[in-house]
Amino acid sequence: MLAKRMQNLGTETAFEVLARAKALEAQGRDIVHLEIGEPDFETPHNIIEKAVSALRSGYTHYGPSAGLPEVRQTFAGHIARGRGIDVGPDNVVICPGAKPIIYFPLTALVDPGDEVIYPNPGFPIYESVIKFLDGIPVALPLSEEKDFSFDIEDLRGLISDRTKLLIINSPQNPTGGVLSSADLDAIAELAVKHDFWVLSDEIYSKIIYEGEFDSITTRPGMLERTILLEGHSKTYAMTGWRLGYGVMPVELAQAVAKLQTNCTSCTAAFTQIAGAEALTGPQDEALAMVAEFKVRRDLLVDGLNAIDGISCKRPRGAFYVFPNITGLNLTSKEVETRLLDEFGVAALAGTSFGRYGEGYLRFSYANSQNNIRKALERFEEFTTAVRAGN
Ligand code: PLP
């Protein structure tokens, strides 16, 4: 019999839809994959070469739980320069992927009954971990009318004496929305006034198409109450390497490193060395990926808006679109299932990201232009079938 706490643990349905899509492929079906959030590019070659040479030079052993000192230094320098903030290596903890920078800091900060405000629709692991820790998840609705940002008055209304932490994510998964600088100012003011922590998930900070990336960490009083989540999975197409990091106040960094000692011991040493190369080496391959994502975004958004009954905002960041499908008069889950089973397009129901995702689908455009065209044709056939009552 499993422990009771397992009943509170959620999951990421992207992995389930991927498994169903793969099972259909095994039966000979042709499936277009727009469900999973991972770049379809190879990791830039200089990063791979660095990992190979690190392996040959003996980076094959245990290291300190918080990360190799020289790599923490490099990551801290990258964040300090890029965001213009005063952080050093003691603020950095390196983890196998960015996901532990949700799990560990929340474990270190959230007591049972503490309230945690999180974006909805949002990355499903936030709500899952809050519940697992017996925290109270408080959903902050994102709205299409506000380009998938939220109303600051809504946030103000959700804050209580029990609010321990607020999670923000910009550019955002699943909507591609980007928080404005004015919103970040207002959020920071509320955090300082009501004395809560902010987990700022900035994993898509480099995948932004219009405007500059802005981080809440630059606002007065925020460094001492912010956990900045970053990682290599998306920017450098390194999902399978498992490399992420957090930047946070020293006391919390030490607690997170202690959790890591109890859990994973440390992040693979050669991966960390390759991760430092990613930040300090040539950026041309990473920049080329972003340029290609932008072309695909426009292809997909224009194609979706040309389909009767579908409307889609043009997101400013990440590699997802979140079209409104309410014109089809089906639930998001029904659309997800029928689109995959009958038309061979794997996408995710908006409700995979929380209840405020009803009426939307998430398409990831981390796939070729040809496959995006194919998916659009099939999606149009599907909508025609639905309108004909089939
Ligand atoms: N945060 C967001 C918003 C994400 O979309 C993801 C991955 O999908 C992560 C964190 C986790 O990244 P990683 O694969 O490095 O653990």
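Since we're looking at a predicted model, the values are computed, not measured. Counting convention: from 1, in listed order, for ligands and their atoms alike.
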*Do you know which of Tyr204, Tyr365, Phe353 makes ring pair (Phe, Tyr, Trp, His ring centres under 6.0 Å) with Tyr320?*
Tyr204
Check residues 8-24 and write down every donor-acceptor pair under 3.5 Å in which the side-chain atom is one partner and the other belongs to a residue at least two apart or another chain.
residue : atom : partner : partner atom : Å
Glu12   : OE1  : Lys99   : NZ           : 2.6
Thr13   : OG1  : Ser352  : OG           : 3.0
Arg20   : NH1  : Asp341  : OD1          : 3.1

Donor-acceptor pairs are to be reported for all side-chain atoms of residues 59-70 against protein atoms at under 3.5 Å, with residues two or more places apart or in another chain.
residue : atom : partner : partner atom : Å
Thr60   : OG1  : Gly58   : O            : 3.4
Ser65   : OG   : Thr261  : OG1          : 2.8
Ser65   : OG   : Ser265  : O            : 2.7

Name each donor-acceptor pair under 3.5 Å that joins a side chain in residues 152-160 to protein atoms two or more places apart or in another chain, with its distance.
residue : atom : partner : partner atom : Å
Glu153  : OE1  : Arg156  : NE           : 3.1
Glu153  : OE2  : Arg156  : NE           : 3.3
Glu153  : OE2  : Arg156  : NH2          : 3.2
Ser160  : OG   : Glu115  : OE1          : 2.8
Ser160  : OG   : Arg162  : N            : 3.0

*asked:* Before you tell me yes or no, could you show the steps for Lys50 and Ile47 under side chain to side chain contact (heavy atoms under 4.5 Å, CB included), namely the whole-Å CA-CA distance, both residues' side-chain angles and the distance that decides it to 0.1 Å?
replied: CA-CA 5 Å; Lys50 192 72 180 184; Ile47 302 174; 5.7 Å; no
One line per pair, note the atom names and distance for all nitrogen or oxygen contacts under 3.5 Å between ligand 1 and the protein.
residue  : atom   : partner : partner atom : Å
ligand 1 : 1 (N)  : Asp201  : OD2          : 2.6
ligand 1 : 5 (O)  : Asn173  : ND2          : 2.9
ligand 1 : 5 (O)  : Tyr204  : OH           : 2.8
ligand 1 : 8 (O)  : Lys234  : NZ           : 2.6
ligand 1 : 14 (O) : Ser233  : OG           : 3.4
ligand 1 : 14 (O) : Arg242  : NH1          : 3.1
ligand 1 : 15 (O) : Ala98   : N            : 2.9
ligand 1 : 15 (O) : Ser233  : OG           : 2.6
ligand 1 : 16 (O) : Ala98   : N            : 3.1
ligand 1 : 16 (O) : Lys99   : N            : 3.0
ligand 1 : 16 (O) : Arg242  : NH2          : 2.7

_One pair to check against salt bridge (charged side-chain N to carboxylate O under 4.0 Å, His left out): Asp30 and Arg378. What are the steps and the verdict?_
CA-CA 12 Å; Asp30 175 46; Arg378 293 181 185 185; 2.5 Å; yes
